[in-house]
Number of protein chains: 2
Amino acid sequence: MSHSTNTNDLVERLRARGQRVTSQRLVILRALRRHGGHATVDEIHRAVLRDLPGTSTPTVYATLDLLVELGLARKLDVGVGASRYDGRTEPHQHMVCRRCGRIEDLDVELDVEALVRAADATGFQARDTELVISGVCAACAAKG
Amino acid sequence: MSHSTNTNDLVERLRARGQRVTSQRLVILRALRRHGGHATVDEIHRAVLRDLPGTSTPTVYATLDLLVELGLARKLDVGVGASRYDGRTEPHQHMVCRRCGRIEDLDVELDVEALVRAADATGFQARDTELVISGVCAACAAKG
DNA sequence: ATTGGTGCAAATCCTTTGCAATAGC
DNA sequence: GCTATTGCAAAGGATTTGCACCAAT
């Protein structure tokens with residue numbers, strides 16, 4: 001069974017927090033998962049409008065941030081253009097091309113343990129870690 | 001001798017690339033170094049105006065990006081508020097507080113080798129890595 | 001003398017806010 | 001019915017652009 005359209009996890013988490021299950025929230029999560037990776041708010045918005053015409057920009061922003069808080073999405077800020085949202089929640093890293101802005105996944109283990117321990121030692125309570133490798137993607141390197 | 005006001009490295013790198021040594025560039029680098037850590041463009045701009053009145057916003061933006069390209073600064077995007085620039089170029093990581101937005105340094109070794117090798121294997125040419133740990137800082141945790 | 005850098009003003013882009021209307025509980 | 005969510009329009013803030021002028025080479 002595909003994970004893409006199953007929104008039970010969202011429903012459960014909303015109920016657990018006493019928040020409402022709205023069609024916008026369900027549709028936005030599905031759009032994020034259908035996109036696959038690193039969607040901008042605008043891309044999600046356009047996709048959502050097909051299923052739920054009239055959905056507003058502020059709702060998409062608020063909902064994507066809510067999904068992050070619920071642990072169903074990750075927010076990605078690579079310093080070029082708009083923020084991006086990633087429906088993949090398993091640990092993985094990102095590579096961003098300085099020339100074209102393209103973002104790719106990188107599946108490498110990262111010793112988060114040591115980092116979190118070092119952070120804790122300073123009194124900081126670590127919740128999440130985000131690693132971004134910047135450089136030049138294969139396509140742009142080929143162009144010179 | 002303090003490193004803060006010595007801009008020989010900038011002069012050398014500009015000459016090497018055939019770019020001009022301007023007072024704006026020197027003053028902006030000094031302001032960045034004097035600030036110490038994680039300055040916003042606006043903070044740098046205000047500091048620069050004291051030494052060089054009339055300096056424009058676009059110049060500060062362009063120059064900070066140039067410093068990054070020259071390897072004399074790092075750009076930090078933590079997804080909340082404006083971009084930040086860091087004059088510390090030695091490898092170190094960053095912690096950002098989700099509540100107050102405060103950014104702190106974390107001096108932990110990170111096995112960049114393995115990451116760069118994995119990136120290279122995909123055809124991506126890695127240039128730099130940036131790790132951000134998000135969570136709650138000691139001060140905000142104390143407030144509950 | 002050339003032309004890369006700069007200042008100015010304005011535009012653009014991304015994101016958030018205020019408030020009335022709506023829909024989930 | 002109560003109140004969290006939503007839609008709309010507008011504001012806000014960060015960053016970039018176009019162009020004329022200036023200053024480093």
Side-chain angles (χ1 to χ4, degrees), chain A residues 7 10-29 31 38-46 48-70 73 75-85 98-99 101 103, chain B residues 7 10-29 31-32 38-46 48-70 73 75-85 98 101 103:
Chain A
T7 48
L10 173 55
V11 174
E12 279 166 26
R13 288 172 208 224
L14 286 173
R15 294 246 163 84
R17 293 168 42 130
Q19 291 186 279
R20 296 178 182 173
V21 178
T22 66
S23 47
Q24 287 88 343
R25 288 173 176 171
L26 299 175
V27 169
I28 288 168
L29 177 57
H38 322 131
T40 62
V41 174
D42 193 57
E43 286 167 346
I44 296 290
H45 193 192
R46 285 202 302 272
V48 166
L49 285 176
R50 280 180 236 125
D51 294 358
L52 206 61
T55 304
S56 72
T57 309
T59 296
V60 180
Y61 274 95
T63 302
L64 286 170
D65 285 341
L66 175 63
L67 293 177
V68 170
E69 222 181 298
L70 295 175
K75 189 179 183 185
L76 239 61
D77 286 282
V78 296
V80 56
S83 292
R84 292 171 178 275
Y85 289 85
R98 286 179 182 179
R99 302 256 181 89
I103 299 175
Chain B
T7 48
L10 173 55
V11 174
E12 278 167 25
R13 288 173 207 223
L14 287 172
R15 293 249 162 84
R17 293 169 41 132
Q19 291 186 280
R20 295 179 183 174
V21 178
T22 66
S23 47
Q24 287 87 344
R25 289 174 175 169
L26 298 175
V27 169
I28 288 168
L29 176 58
L32 177 66
H38 322 131
T40 62
V41 174
D42 193 58
E43 286 167 347
I44 296 290
H45 192 192
R46 285 202 302 271
V48 166
L49 286 176
R50 280 180 238 126
D51 294 357
L52 206 61
T55 304
S56 72
T57 309
T59 295
V60 180
Y61 275 95
T63 301
L64 287 170
D65 284 341
L66 174 63
L67 293 178
V68 171
E69 223 181 297
L70 294 175
K75 189 179 181 183
L76 240 60
D77 286 281
V78 296
V80 57
S83 292
R84 292 171 179 277
Y85 289 84
R98 287 177 181 180
I103 300 175

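Neither OP1 nor OP2 of C:dT16 sits under 4.0 Å from any side-chain N or O of A:Tyr61. For D:dT6, neither phosphate oxygen OP1 nor OP2 lies less than 4.0 angstrom from any side-chain nitrogen or oxygen of A:Ser56. Between A:Thr57 and D:dG7 there is no side-chain N or O to OP1 or OP2 distance below 4.0 Å. Look at A:Thr22 and you'll find a side-chain N or O under 4.0 angstrom from OP1 or OP2 of D:dT6. For C:dT15, the OP1/OP2 oxygens have a side-chain nitrogen or oxygen of A:Ser83 closer than 4.0 Å. Proximity of A:Gln24 to the phosphate of D:dG7: a side-chain N or O atom is located under 4.0 Å from OP1 or OP2.
Closest-nucleotide positions on DNA chain D for A:Gly54 and B:Gln19 were compared, and the one nearer the 5' end corresponds to A:Gly54.
The CG-P distance, from A:Asp65 to C:dT17, rounds to 11 Å in whole Å. At whole-Å resolution of the value, CG in B:Leu66 and C1' in C:dG4 are 12 Å apart.
Among the atoms of the strands shown, none is found under 4.0 Å from any heavy atom of B:Thr40. Nucleic acid contact for A:Ser23: none, since no nucleic acid atom lies under 4.0 Å from a heavy atom of the residue.
For B:Arg20 and C:dG4, a side-chain-to-base donor-acceptor distance below 3.5 Å is present, hydrogens and geometry of angles not being considered.
With B:His45 contributing its side chain and B:Tyr61 its backbone, the two residues share no donor-acceptor pair below 3.5 Å. A donor-acceptor pair under 3.5 Å links the side-chain atoms of B:Arg25 to the main chain of B:Arg20, judged by distance alone.
The C1' atoms of five pairs define one axis at each end of the helix from C:dA1-D:dT25 to C:dC25-D:dG1, and these two axes lie 40° apart (to 10°).
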